[in-house]
Protein chains: 4
Amino acid sequence: MKAKDGDDQDARTFTQQARRAQIVQAAIETVAEVGYPNTSFSKIAQRAGLSSTGMISYHFARKPELFAEVVNTILRAAGDITATRMRTAATYRAKLRAYIESNFEFIARHPAYTQALVEIVTGIRFRDTTSLGGLEKAVVSVDGLTDFLSEGRAAGEFGRFDSFTMAVSIRGAIDNFLRQHMFDGDLDIARHGREVADIFDLCTRPGAGASN
Amino acid sequence: MKAKDGDDQDARTFTQQARRAQIVQAAIETVAEVGYPNTSFSKIAQRAGLSSTGMISYHFARKPELFAEVVNTILRAAGDITATRMRTAATYRAKLRAYIESNFEFIARHPAYTQALVEIVTGIRFRDTTSLGGLEKAVVSVDGLTDFLSEGRAAGEFGRFDSFTMAVSIRGAIDNFLRQHMFDGDLDIARHGREVADIFDLCTRPGAGASN
Amino acid sequence: MKAKDGDDQDARTFTQQARRAQIVQAAIETVAEVGYPNTSFSKIAQRAGLSSTGMISYHFARKPELFAEVVNTILRAAGDITATRMRTAATYRAKLRAYIESNFEFIARHPAYTQALVEIVTGIRFRDTTSLGGLEKAVVSVDGLTDFLSEGRAAGEFGRFDSFTMAVSIRGAIDNFLRQHMFDGDLDIARHGREVADIFDLCTRPGAGASN
Amino acid sequence: MKAKDGDDQDARTFTQQARRAQIVQAAIETVAEVGYPNTSFSKIAQRAGLSSTGMISYHFARKPELFAEVVNTILRAAGDITATRMRTAATYRAKLRAYIESNFEFIARHPAYTQALVEIVTGIRFRDTTSLGGLEKAVVSVDGLTDFLSEGRAAGEFGRFDSFTMAVSIRGAIDNFLRQHMFDGDLDIARHGREVADIFDLCTRPGAGASN
DNA sequence: TATGAATGAGTATTCATTCAT
DNA sequence: TATGAATGAATACTCATTCAT
């Protein structure tokens, strides 16, 4: 009779899952449109066609639980595209290009998702532990990318550089392009994806390395 | 008498300007400490030692006007450091390194400023009515950096790349490092500044260029 | 089929009665634990192992109907103890002592009941529409005790006093001890029961009486 | 710009004190009419003629702060009457009578106050520390009365009895009469005050004492 | 200028109750 | 009977803004 918390989605009925998904979707669109700080339960409820905010509270025990699911949903969607594209690439260099370009592809395919993600991630207090229950860490994290770069370097496909710094730079380049796109709207996403891939293809080349 | 809007600071008395600066300073510190969504007029007033939030409303017609000035203040401070450092560098390549490293220096020297900037920029919607009056464009903009890169390429100091894409990547790398730093706290800022400069020094080298 | 109201328990099936009793029990425990204002249908349902608050609404037409039954249940339990103990006493004086001490015994044996009763009785307004349907009268009433004292006086076992005033005093002494006990927790209930009995044994003595 | 907490009433302006008193008064009346659990900020605001509940929050930082002041106000009013009447009495026995009768006088003179007090005291969870900040202890407490009875016994004016038990009984008799009065309304308060005083005059007589 | 009182819309969350299944 | 989804009003509390002084 109360909203469950955590990730035991199996325990939820089909109807519950559908409603939750509907609310999450409305939340994403709302955040994308009016920004995270201006996103209230009533706006979400209105967009979702719910009769009252009570319906949201019925399905999500607390506000952070809703936004945790929102972030999770977006991250899963982005991860799916990226993982698929990287798997089909043979070399580390090709995988890096696949990573970068698939991120741009996601931006193009799910503009609201990317926009919402940026809003939430930076809108949420970083040290605020009550917010998303560690999920904000997952969003900011470049751990996976760092490891990937280290592996590639170990395999001799990349040059000399600090994996973490490079990962932060790559991720930052992608995210900042997203911000530019949110602002401008009419950028050629695919082309810029290729260009960014070019840039980091260049500075990760074997043989090349920090010279000072 | 009503609060003025915009940039006609000349019309303001010395006392007015001092009060505004005091409020802006308190706003920056408050945002840095509690985050943009938790920043209220009363918290700012408290920190500024004002007896009433009415004082803020008296000096700033609307909430966005205050935060526009906040952003302006921060941007000016950051721009000062960067411009000075770049001026003393002789070559375009050296200037680029100066640009990157001075940005990291700003992060180290004014943590509250950088933190507040990140909070506000993403806390405020980009194209809505309550926004910062064109200022968010200035925040996101990489026009200056783009032009600089183009000049450098024309001068033959840089390789083949799209100036805008490169500018977005550089700016994104810096900003993402800032985010990581806000999250982690104990990163070696100067070292990472040098490493990021190394990375982009590498991929802007003359002779090098996009290969596909 | 709709939930019945009032006292026609005969019309209810065995299952219905069992469910009602189960809910009433859960309500008592809940009130005793978290207090009347914090007692909600969902908390009661949870404690009763019901899957939905709808189940409560199904068995009790309105919230006051549930709490009327709660009060009734408690009153009946208290009345049982008191009546039994009084019956075994021979004289009116002994019966009065039995009444007082058995009330303290009830407090000791059913702390949750007494606690819940106090919470509910003062939590529910006396003359409003959402009340307990005359039951609050039964709770407050000292009619039975008044009559008993009058009979005792007629039998010559008690002294000169106003029966109603004495009844109110006796009942008040007991109830206030209960309040103190709820506050303190570690009072010697049986001992205080005897002492209160002593006090009223003293001032109901024949020969003694109001002197002004 | 925020409501002050605690008891530093000196720090408040005249207007603030007046508003607070007005709100407290409205709160008392509201509690007396609809009961403590049904008393909400909006009902109080309505009765006080305030435009919104925000006005209450402006003057009282938190709900318990308001009700603490309510209880304080009532206790002060009751204490004034009682203290005055007791001071003019010469002997301990006379003082006890004064205590009892002045309590009844208070009931007669301030029916809303007494009613509200009963509602709040028993409506509030006893162990709930967040409620009135220890004030509920003051309300329930019979320490003063207990001490007074002990002194009187030491002075030889009273008989043998446990001071605490007697104090609880006296206070309980008074409070229960109040409850009866809230229910009935047309009791002769002064007369019952005298009768209750008679009762306890009787059982506190020197020479008399517990006999078992 | 500056104060502080006031406003009214806003927030998330809880609640008893209803109802289709 | 029983479930759980849904409703809509209610809760205390916060906020930017206004305004008389």
Side-chain angles (χ1 to χ4, degrees), chain A residues 1-3 12-13 15-16 18-20 37-45 50-66, chain B residues 1-3 13 15-16 19 37-45 50-66 130, chain C residues 1-3 13 15-16 19 37-45 50-66 130, chain D residues 1-3 12-13 15-16 18-20 37-45 50-66:
Chain A
M1 97 221 44
K2 288 262 74 174
R12 277 190 264 275
T13 71
T15 321
Q16 267 178 333
R19 260 277 183 265
R20 284 174 68 99
N38 301 324
T39 295
S40 66
F41 273 20
S42 65
K43 279 180 192 140
I44 297 172
L50 304 174
S51 60
S52 86
T53 65
M55 193 75 274
I56 300 177
S57 292
Y58 178 75
H59 285 282
F60 297 90
R62 219 102 295 182
K63 203 188 178 191
E65 194 192 314
L66 166 57
Chain B
M1 202 189 300
K2 295 260 55 175
T13 69
T15 321
Q16 272 179 331
R19 262 275 183 266
N38 300 326
T39 295
S40 65
F41 273 22
S42 70
K43 279 182 191 138
I44 297 173
L50 302 173
S51 52
S52 161
T53 63
M55 196 74 269
I56 300 177
S57 291
Y58 176 78
H59 285 284
F60 297 90
R62 281 295 99 100
K63 203 186 176 192
E65 194 193 313
L66 164 58
T130 66
Chain C
M1 199 190 303
K2 295 261 55 178
T13 72
T15 320
Q16 271 178 330
R19 261 276 184 268
N38 300 326
T39 295
S40 65
F41 273 22
S42 72
K43 279 182 191 137
I44 296 172
L50 302 173
S51 52
S52 160
T53 63
M55 195 74 272
I56 300 177
S57 291
Y58 177 77
H59 284 284
F60 298 90
R62 283 289 99 100
K63 203 189 177 192
E65 194 193 313
L66 165 58
T130 66
Chain D
M1 96 221 49
K2 291 257 74 174
R12 276 190 266 276
T13 70
T15 321
Q16 267 179 334
R19 259 277 183 266
R20 284 174 69 100
N38 301 325
T39 295
S40 64
F41 273 20
S42 66
K43 280 182 191 134
I44 297 172
L50 304 173
S51 59
S52 88
T53 66
M55 194 74 273
I56 300 177
S57 293
Y58 177 76
H59 286 282
F60 297 91
R62 221 106 291 191
K63 205 189 177 191
E65 194 192 314
L66 165 58

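Below, all heavy atoms of this structure are taken into account, side chains as well, without hydrogens, waters or symmetry copies. To find a chain, count down the sequence lines: A is the first, B the second, and so on, and within it residues start at 1.
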Gap between atom [atom2] of [Y] and atom [atom1] of [X] - 0.5 Å precision:
X	Y	atom1	atom2	value
B/Lys63	B/Thr39	NZ	OG1	8.0 Å
D/His59	D/Arg20	NE2	CZ	8.5 Å
B/Ile44	B/Leu50	CD1	CG	10.0 Å

- Quick one: closest heavy-atom pair of A/Phe41 and A/Leu66, and the distance?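 Looking at all heavy atoms of both residues, the closest pair is CE1-CD2, 4.0 Å.
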- Item | Where D/Ile56 and D/Ala45 come nearest, the two heavy atoms and their spacing |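 Smallest heavy-atom distance, with atoms named: CD1-N, 3.8 Å.
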[X] [atom1] to [N] [atom2]: how many Å, rounded?
X	N	atom1	atom2	answer
B/Glu65	F/dT17	CD	P	10 Å
B/Leu66	F/dC15	CG	C1'	14 Å
D/Asn38	F/dA9	CG	C1'	15 Å
A/Phe60	E/dT14	CZ	C1'	18 Å
B/Phe41	F/dT18	CZ	P	10 Å

OP1, OP2 of [N] versus side-chain N and O of [X]: anything below 4.0 Å?
X	N	result
A/Gln16	F/dG4	no
A/His59	F/dA6	yes
C/Ser40	E/dT14	no
C/Ser42	E/dT14	no

- Item | Test side-chain contact (heavy atoms from CB on, under 4.5 Å) applied to D/Ser52 - qualifying residues, sequence neighbours left out |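 Once residues adjacent in sequence are excluded, D/Ser52 has no partner under the side-chain contact (heavy atoms from CB on, under 4.5 Å) criterion.
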- Not counting sequence neighbours, which residues clear side-chain contact (heavy atoms from CB on, under 4.5 Å) with A/Lys43? List them please.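 Listed in chain order: A/Thr30, A/Val34, A/Asn38, A/Ser40.
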- Just compare E/dA5, F/dA2, E/dT13 and give me whichever is closest to any side-chain atom of A/Lys63.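 In terms of side-chain proximity for A/Lys63, the closest of E/dA5, F/dA2, E/dT13 is E/dT13.
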- Item | Residue mapping more 5' on DNA chain F - nearest nucleotide basis, A/Thr15 or D/Thr39 |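 Between the two, 5'-proximity favours A/Thr15.
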- Item | D/Arg19 vs D/Tyr58 side-chain heavy atoms within contact, under 4.5 Å |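 The answer is no, as the side chains (C-beta and beyond) never meet within the 4.5 Å cut-off.
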- Item | A/Arg62 or C/Arg62, whichever maps to the more 5' nucleotide of DNA chain E |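 Nearest-nucleotide comparison on DNA chain E picks A/Arg62.
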Atom pairs, N/O to N/O, protein against nucleotides 7-9 of chain E, distance under 3.5 Å?
{"unit_1": "E/dT7", "atom_1": "OP2", "unit_2": "D/Ser51", "atom_2": "OG", "d": "2.5"}
{"unit_1": "E/dT7", "atom_1": "O5'", "unit_2": "D/Ser51", "atom_2": "OG", "d": "2.6"}
{"unit_1": "E/dG8", "atom_1": "N7", "unit_2": "D/Ser52", "atom_2": "OG", "d": "2.8"}

- Task: To the nearest 10°, let me know how far the axis at one end of the helix from E/dA2-F/dT21 to E/dT21-F/dA2 is tilted from the axis at the other, five pairs an end.
- Result: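 Rounded value for the end-axis angle: 20°.
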